[in-house]
Amino acid sequence: MTVTVRYAPSPTGRLHLGNARPALLNWLFALRNGGTYILRLDDTDTARSTEEFARSIEADLVWLGIAPAAKFRQSDRMALYDTARDKLIAGGRLYPAYETEEELEIKRGRARLLGKPPIYDRAALALTEAQKAAYATEGRKPHWRFRLDGRPVQFADLIKGPQTVNTASMSDPVLIRADGSYLYTLCSVVDDIDLAITHVIRGEDHVSNTGTQIEIIEALGGAVPQFAHHNLLTGAEGEGLSKRLGSLSLSDLRADGFEAIAVALVASLTGTSLPVEPYPDLAALAQKLELSMVSHGPARFDPAELESLNARILHAMSYDQARPRLPKAIGGAAWNILRANLTKFTDIEPWAKIISDRITWMPPPEDKEFLAEAVELLPAEPWDETTWSSWTNALKEKSGRKGRALFHPLRLALTGREDGPELKSLLPLLGRKACLDRLS
């Protein structure tokens with residue numbers, strides 16, 4: 001069958017690692033099945049939706065490697081929702097209710113005291129036209145509820161297996177507020193029907209909504225898509241991620257220097273039966289990851305795992321891949337030597353300075369004589385990876401030093417750092433003149 005999926009974020013905050021997960025799982029499913037991926041911005045919450053957040057979402061998806069075939073905004077599709085509203089009213093499935101929030105809370109409290117579930121009692125269905133007119137005279141405007149069938153709604157979840165949601169245990173959901181604005185539930189269903197969405201892949205926190213949405217789809221005469229509810233990505237301590245708090249936002253991860261593919265792999269593979277390991281691109285991952293591999297257990301994000309994966313990706317990155325982003329001082333030979341020391345790509349910048357700039361430092365008094373001997377014994381060029389060994393062997397014999405006392409002062413003099421690549425590889429990159437300057 002033709003596959004069409006959608007990712008439908010609300011532009012009320014920045015995307016974080018948690019809501020990148022459904023964006024990526026939908027994209028991977030579309031790639032695997034040669035399907036269509038639609039970006040739909042659910043921007044009916046006019047109080048909190050902003051153009052800045054909308055642009056940020058699109059930029060984050062591009063950075064991750066997601067290229068939607070089409071983009072829509074719910075704010076441009078009000079005529080569709082109006083038509084669906086009228087159809088549901090005409091069919092007797094959408095009815096006006098006039099209770100205030102305070103009155104509804106009193107009803108819920110009374111039900112709890114009686115040991116009953118606090119669901120709506122459908123009192124509005126018994127209102128006469130005279131009673132409705134009286135409410136209108138008072139200035140009350142109704143909200144509109146969808147009349148559920150109150151039955152077990154069954155569906156085959158592509159991740160969780162067979163599911164049953166009994167709508168008899170639910171309140172008839174409000175689809176239209178008293179001010180006439182639409183809630184997410186109606187708009188989402190209408191869009192899924194209109195855009196011919198075949199698969200809805202989303203977080204498991206939406207499972208309980210699915211029964212309601214299937215009933216609305218059927219009431220509107222639409223085709224029910226297949227559903228797949230994945231486990232939610234949480235923080236290291238199991239806490240939920242909030243886009244309004246900016247937890248692990250994609251823009252921050254990008255600014256921190258993480259590779260897009262590393263972030264995408266962690267967001268996709270955590271909480272699946274596949275190991276979190278490097279892939280060349282998302283297309284390669286799409287051929288391996290199936291929805292059935294998504295675990296039913298928690299998907300806990302480990303920051304150390306992201307750093308480790310990012311490092312592994314950089315360590316395997318070819319010079320041709322890295323070249324457009326490299327400082328001028330870093331050529332192919334330097335990249336091949338230095339990449340094994342990188343955790344983030346920006347870690348290359350101080351090494352570019354070490355290779356190309358003058359280093360000044362003050363050695364401790366006890367090392368001055370030793371460094372003078374190092375200058376005296378420094379071999380003539382040309383240099384290769386054997387130069388370091390022949391030089392330090394000669395130094396060892398003359399100075400009597402060995403181990404850390406031999407190597408540490410040389411590393412500090414030549415690089416100004418306690419760590420880094422093997423000096424046998426770095427020495428030819430620096431060259432004899434630079435080494436003489438630094439040893440002196």
Side-chain angles (χ1 to χ4, degrees), residues 14-18 20-21 23-24 27-28 55-67 233 236 241 246-270 275-286 301-357 359 411 414-423 425-430 434:
R14 295 186 295 172
L15 289 190
H16 57 67
L17 202 63
R21 184 168 176 79
L24 286 156
W27 177 245
L28 294 168
R55 289 196 299 268
S56 173
I57 287 170
E58 293 194 34
D60 285 339
L61 293 181
V62 169
W63 181 65
L64 287 173
I66 295 173
L233 202 62
L241 305 180
S247 305
L248 295 169
S249 71
L250 298 188
S251 55
D252 284 347
L253 291 170
R254 180 163 65 247
D256 287 344
F258 288 103
E259 299 297 298
I261 187 64
V263 172
L265 291 172
V266 165
S268 304
L269 290 170
T270 301
V276 178
E277 61 186 8
Y279 284 80
D281 51 37
L282 293 179
L285 176 60
F301 165 68
D302 180 358
E305 191 167 45
L306 175 58
E307 289 205 357
S308 173
L309 179 64
N310 203 75
R312 291 173 66 186
I313 289 168
L314 293 176
H315 298 171
M317 186 178 289
S318 71
Y319 174 62
D320 287 340
Q321 290 174 297
R323 182 166 47 186
R325 301 162 59 190
L326 288 174
K328 290 182 179 179
I330 304 298
W335 170 253
N336 290 335
I337 291 169
L338 296 172
R339 63 184 176 180
N341 293 269
L342 308 180
T343 299
K344 299 176 182 177
F345 197 91
T346 49
D347 294 345
I348 197 71
E349 293 171 5
W351 284 106
K353 292 183 178 181
I354 288 170
I355 289 174
S356 61
D357 293 350
I359 291 178
R411 177 174 287 281
L414 296 176
T415 70
R417 291 182 55 149
E418 298 275 356
D419 60 349
E422 292 187 53
L423 285 172
S425 301
L426 194 59
L427 205 65
L429 291 178
L430 296 174

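- Side-chain contact check for Thr415 versus Trp351: some heavy-atom pair is nearer than 4.5 Å.
- Using a 4.5 Å heavy-atom threshold, the side chains of Leu233 and Leu248 count as separate.
- The two atoms that bring Ala284 and Pro280 nearest to each other are CB-CG, 3.7 Å, heavy atoms only.
- Rounding to the nearest 0.5 angstrom, the gap separating the CD atom in Glu277 from the CD atom in Glu305 is 11.0 Å.
- Between the CD1 atom in Ile355 and the CG atom in Leu338 there is a gap of 4.5 Å [rounded to 0.5 Å].
- Considering only heavy atoms from C-beta on, Arg14 comes within 4.5 Å of Asp252 through its side chain.
- Within the 4.5 Å cutoff, the side chain of Pro278 has heavy atoms near those of the Leu309 side chain.
- Nearest heavy-atom pair, Leu250 versus Trp63, reported as atom, atom and distance to 0.1 Å: O-CZ3, 4.1 Å.
- Put simply, the side chain of Trp27 does not reach to within 4.5 Å of the side chain of Leu61, judged on heavy atoms.
- A pairwise comparison of heavy atoms in Ala267 and Leu24 identifies CB-CD1, 3.7 Å as the closest pair.
- Of the inter-residue distances, the one linking Leu265 atom CG with Leu282 atom CG reads 6.5 Å to the nearest 0.5 angstrom.
- Salt bridge Asp320/Arg323: present, at least one basic N to carboxylate O contact under 4.0 Å.
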> Yes or no on side chain to side chain contact (heavy atoms under 4.5 Å, CB included) for Leu306 and Leu253, after CA distance, side-chain angles and deciding distance?
Replying inline: CA-CA 10 Å; Leu306 175 58; Leu253 291 170; 4.1 Å; yes
> Hey, mind stepping through Leu414 and Leu426 against side chain to side chain contact (heavy atoms under 4.5 Å, CB included) and telling me if it holds?
Replying inline: CA-CA 9 Å; Leu414 296 176; Leu426 194 59; over 6 Å; no
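- Across Met317 and Ala322, no two heavy atoms sit closer than the pair SD-CB, 3.8 Å.
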>> What verdict does the side-chain hydrogen bond (donor to acceptor under 3.5 Å, both in side chains) test give for Thr346 and Glu349, after you've listed the backbone C-alpha separation in whole Å, the side-chain angles of each residue and the deciding distance to 0.1 Å?
In response: CA-CA 6 Å; Thr346 49; Glu349 293 171 5; 5.7 Å; no
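- A donor atom on one side chain and an acceptor atom on the other are not found under 3.5 Å apart for Ser425 and Glu422.
- A distance of 11.0 Å separates CG in Asn336 from CD1 in Ile330, rounded to the nearest 0.5 Å.
- A salt bridge links Asp60 with Arg254: the distance from a Lys NZ or Arg NE/NH1/NH2 to an Asp or Glu carboxylate oxygen falls below 4.0 Å.
- Scanning all heavy atoms of the two residues, the minimum distance from Leu269 to Pro275 falls at CD1-O, 3.6 Å.
- A 4.5 Å side-chain heavy-atom check between Asn310 and Ile313 finds every atom pair outside the cut-off.
- Smallest separation of non-hydrogen atoms from Tyr319 and Leu326: CE1-CD1, 3.6 Å.
- Checked by atom type and distance alone, the side chain of Thr270 pairs as donor or acceptor with a backbone atom of Val266 at under 3.5 Å.
- Between the side chain of Asp256 and the main chain of Phe258, no donor-acceptor pair closer than 3.5 Å is present.
- Two residues are said to be in side-chain contact when any heavy atoms from C-beta on lie closer than 4.5 Å; Leu314 and Arg339 fail this criterion.
- No side-chain heavy atom of Asn341 sits less than 4.5 Å from a side-chain heavy atom of Asp347.
- Between the CZ atom of Arg325 and the CH2 atom of Trp335 there is a distance of 7.5 Å, given to the nearest 0.5 Å.
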